[in-house]
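All values reported here derive from a predicted model rather than from experimental measurement. Read the numbers this way: they start at 1 and go in the same order the structure lists the ligands and their atoms. Each residue takes its place number in the sequence, starting with 1.
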Amino acid sequence: MKSLVNKNILLGVTGGIAAYKSAEIVRHLKKSGSAVRVIMTKSAEEFITPLTLQALSGNRVSTDLLDVESEAAMGHIELAKWADAILIAPATANTIAKLSSGRGDDLLSTTTLAFDGPVSLAPAMNQTMWRDDRTQENLEKLKTKEFKIFGPGSGEQACGDIGLGRMLEPLEILQLFSSSFNQEEMSGKSILITAGPTQEPIDPVRYITNRSSGKMGYSLAEAAIQSGAEVTLISGPVHIDPPEKCNFIPIETAVEMYEAVMHHIKGKDVYIGTAAVADYSPANFNESKIKKEESSSSLTLELQKNRDILKSVSKLANRPYVVGFAAETDDLLDNAEKKLINKGLDLIIANDVSNKEIGFDSDDNEVTLITTTEKKYLEKQNKKKISKKIIEFISLAVTN
Ligand SMILES: Cc1cc2nc3c(=O)[nH]c(=O)nc-3n(C[C@H](O)[C@H](O)[C@H](O)COP(=O)(O)O)c2cc1C
């Protein structure tokens, strides 16, 4: 179940007999490489102890909506932001009804309401409860909201009845859950991404550079790989490891980045320029270290302009879909729109680098995607999630 590797999975456990099977689900999720956090309803705690699920998941189990220990006492928001997907297994008729009507009167229903991502349910209940019109109507409503429903199965029930309502076996649930991630919308597409800063040497021990951690470009590369694309990542020096499955090309200077991009761009479907490429480099490289002059209080460096990689790519014949980033401190959207037009891009992603909570070294970002016909705002969330949404947006443009 490769699609579950490195995923943050929030498992909701509700109050049904099948709750004991959620221990097995946690074990399978962990074995598949996911990080797991568990929310239990009050009723669920009557069927299985939080301690069991805490020991298996390796994380504290959350049970209370009002959690003074969580950051800002808003555990539901933290958990919703953390999760890549929510799986509720078993899902009782009661919780299904709550989710369907949008109620938030406990931690699980409130977190699910605050979560902007895929939710899967494995219903488990007595066959009469399952057949009831209200349960079926609630499920239909949830399907229209793109909730995925796994099962239930049929057979002898804990209460002695025979019929539909048994929760699927943990492994069956895991297989369905895992394949729900396998939406490889960029399968067959190849993407070239640049990331990190460039370093422009002044002498053997000094250089000028731009601030860039590489996190945004690397997480876009990861999201693109997960969407099935073949990814080439050209990166300046950063302190993070590149994703395993990409063609990784390390460079240092703006000139090296330009050459690497021009060498690898042929045949690519998408180009995403996240690198903070130096606009200027020292005109002359000093072969030996520049000494500090006691008699002079200043040093003048002559800088020369580097070639504009983004503009060069968008001017190519048979150009790919070209995506740029606008890291701005003032007039964010206006400046980004100007850059979109001036550089002939298909999409520009505007982010406000004057806000210390997002951009540069931060794990979070908040961006606006701008094309000539559309503006889409993505609220503050971790770069992993933002990247996934950006890749989804690009895939709609290049696969339609
Ligand atoms: C022994 C026992 C077993 C139960 N099993 C189920 C079940 O399998 N499915 C279900 O929907 N409700 C079941 N219930 C009823 C739920 O526990 C009840 O509706 C509860 O309010 C659900 O709360 P929750 O959805 O917040 O977990 C059971 C109740 C008891 C006492």
Next item on the list: Answer yes when Lys21 and Glu169 have at least one side-chain N-carboxylate O distance shorter than 4.0 Å, and no when they do not.
Entry: yes
Margin query: Side chains of Asp106 and Thr41 only: does a donor on one sit below 3.5 Å from an acceptor on the other?
Written below: no
Notebook entry, point to check: Which residue holds the protein heavy atom closest to atom 23 (O) of ligand 1, what is that atom called, and what is the gap in Å?
Noted result: Ser43 OG, 3.0 Å
Item checked: Cationic N near anionic O, under 4.0 Å, Lys42 to Asp64 -> yes
Check: Who's the nearest protein heavy-atom neighbour of atom 11 (O) of ligand 1, and how far?
Finding: Ala93 N, 2.8 Å
Notebook entry, point to check: Short N/O distance, under 3.5 Å, between Thr95 and ligand 1?
Noted result: yes
Margin query: Between Arg134 and Glu137, does any side-chain N to carboxylate O distance fall below 4.0 Å?
Written below: no
Next item on the list: Report yes or no: does Ala124 have a heavy atom closer than 4.0 Å to ligand 1?
Entry: yes
Checklist line | Residue, atom name and distance, where the atom is the protein heavy atom closest to atom 4 (C) of ligand 1 | finding: Phe47 CZ, 3.9 Å
Notebook entry, point to check: Can you list the ligand 1 atoms lying under 4.0 Å from a non-hydrogen atom of Thr41?
Noted result: 24 (P), 26 (O), 27 (O)
Note to self: Using a 4.0 Å cut-off to any heavy atom of Thr14, which atoms of ligand 1 qualify?
What the structure shows: 27 (O)
Margin query: Heavy-atom distances under 4.0 Å decide this one: backbone, side chain, both or neither, for Met129 against ligand 1?
Written below: side chain
Next item on the list: Taking the side chain as every heavy atom from C-beta outward, state whether Ile290 and Arg206 have any pair of such atoms under 4.5 Å apart.
Entry: yes
Check: Of all the atoms in ligand 1, which lie at a distance below 4.0 Å from a heavy atom belonging to Gly16?
Finding: 5 (N), 6 (C), 7 (C), 8 (O)
Item checked: atom 20 (C) of ligand 1 protein-contacted (non-hydrogen atom, under 4.0 angstrom) -> yes
Note to self: Considering both backbone and side-chain atoms of Gly15, is one of its nitrogen or oxygen atoms within less than 3.5 Å of a nitrogen or oxygen in ligand 1?
What the structure shows: yes
Next item on the list: Return a yes/no value for Lys98: is any of its N or O atoms, backbone included, closer than 3.5 angstrom to an N or O of ligand 1?
Entry: no
Check: Salt bridge check: are Glu328 and Lys339 linked by an N-O gap of less than 4.0 Å?
Finding: no
Checklist line | Sidechain N-carboxylate O distance under 4.0 Å for Asp364, Lys384 | finding: no
Check: Any ion pair linking Glu294 and Lys291 (charged N to carboxylate O, less than 4.0 Å)?
Finding: no
